[in-house]
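What follows is one structure encoded as structure tokens, with my remarks underneath.
Reckoned from all heavy atoms, side chains included, excluding hydrogens, waters and symmetry mates.
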Amino acid sequence: MSIKKSLPLRVKPAPRRRLTAANAKDTILDAAEAILNQEGPQGLKLADIAKGAKVTNGNVLHHFGKVEGVHDALMTRLVDRLIARILKIAQSPWTEDQRMTMSMREIFEAFEDKSTCRLAAWLVMTDRTKRLDEMRSAIER
């Protein structure tokens, strides 16, 4: 009687996803935003962002230069999103008083959101308040 060695089964690796540069950046920023919401800014580490986006560390670095590039792009994305919401209200056909009321309500609702609060705290703690100035200017417009 002979004993046969069992060979390990070969598992085909999952097919690689081919993303456009814009899709790759969005995927990376989506992962970074999810980490920001769950863990706060201290959780935004290169390896964790790459893992969350299901890309390599090198891919993140290719698109953003360094992890701080991801941080800056994420801040810009979140601030731009808030500004867009406020500008949409400002361009509505309501009266001036209604637009002001709705804009203020939008701002307060935005800061009830965990990610926006963490973003604002992060901006202040890292001395990147220029982004908050951009928000203030948009609100004034």
Side-chain angles (χ1 to χ4, degrees), residues 2-141:
S2 68
I3 300 176
K4 289 186 176 180
K5 284 187 173 180
S6 61
L7 298 174
L9 295 175
R10 288 192 173 173
V11 178
K12 283 187 175 181
R16 293 177 66 190
R17 300 183 298 159
R18 291 278 179 196
L19 299 174
T20 65
N23 286 343
K25 286 180 180 181
D26 284 341
T27 300
I28 293 165
L29 290 175
D30 289 344
E33 188 172 351
I35 291 168
L36 177 65
N37 288 337
Q38 289 179 331
E39 300 176 31
Q42 70 279 3
L44 289 169
K45 297 177 183 88
L46 177 66
D48 295 336
I49 295 168
K51 183 178 178 183
K54 297 183 174 90
V55 299
T56 64
N57 291 2
N59 199 330
V60 175
L61 295 174
H62 169 74
H63 290 290
F64 294 97
K66 53 187 176 177
V67 74
E68 288 81 11
V70 177
H71 297 172
D72 289 340
L74 180 58
M75 284 186 231
T76 298
R77 177 194 231 193
L78 295 174
V79 169
D80 288 350
R81 191 180 299 158
L82 179 59
I83 289 170
R85 288 166 38 191
I86 293 167
L87 290 177
K88 185 176 178 183
I89 291 169
Q91 296 166 352
S92 68
W94 300 325
T95 67
E96 184 67 28
D97 285 345
Q98 289 171 324
R99 284 195 299 269
M100 183 61 73
T101 301
M102 291 304 293
S103 294
M104 294 308 293
R105 185 175 296 152
E106 188 69 31
I107 292 166
F108 284 112
E109 285 178 9
F111 281 97
E112 286 178 3
D113 178 56
K114 190 176 182 180
S115 64
T116 306
C117 288
R118 285 186 165 181
L119 171 66
W122 185 23
L123 291 170
V124 170
M125 297 301 290
T126 58
D127 198 28
R128 295 178 180 162
T129 54
K130 182 179 178 194
R131 300 285 185 198
L132 295 174
D133 292 340
E134 291 171 13
M135 247 190 301
R136 185 181 310 118
S137 295
I139 292 165
E140 287 171 357
R141 281 195 305 262

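- V70 places none of its side-chain heavy atoms less than 4.5 Å from the side chain of L46.
- A31 and A53 make their closest contact through CB-N, 3.5 Å (heavy atoms, listed as atom of the first residue, atom of the second, distance).
- Panel note: side chain S103, backbone M100; no donor-acceptor pair is recorded below 3.5 Å.
- Using a 4.0 Å cut-off between charged side-chain N and carboxylate O, R81 and E33 make a salt bridge.
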Stepwise side chain to side chain contact (heavy atoms under 4.5 Å, CB included) check, L82 with I86: CA-CA 6 Å; L82 179 59; I86 293 167; 4.0 Å; yes

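- Contact detail for N57 and A47: the closest heavy-atom pair is OD1-CA, 3.7 Å.
- In this structure, CD on E106 lies 15.0 Å from CZ on R99, to the nearest 0.5 angstrom.
- To the nearest 0.5 angstrom, D72 atom CG is 8.0 Å from K66 atom NZ.
- Taking the charged nitrogens against the carboxylate oxygens, D30 and R77 do have a contact shorter than 4.0 Å, which makes a salt bridge.
- A distance of 11.5 Å separates CG of L36 from CG of L29, quoted to the nearest 0.5 Å.
- Taking 4.5 Å as the limit, every side-chain heavy atom of L74 sits out of range of all side-chain heavy atoms of F64.
- Between atom CG of residue D26 and atom CG of residue L19 there is a gap of 10.0 Å, rounded to the nearest 0.5 Å.
- To the nearest 0.5 angstrom, R105 atom CZ is 10.5 Å from Q98 atom CD.
- Between the H71 side chain and the L44 main chain, a donor and an acceptor come within less than 3.5 Å of each other.
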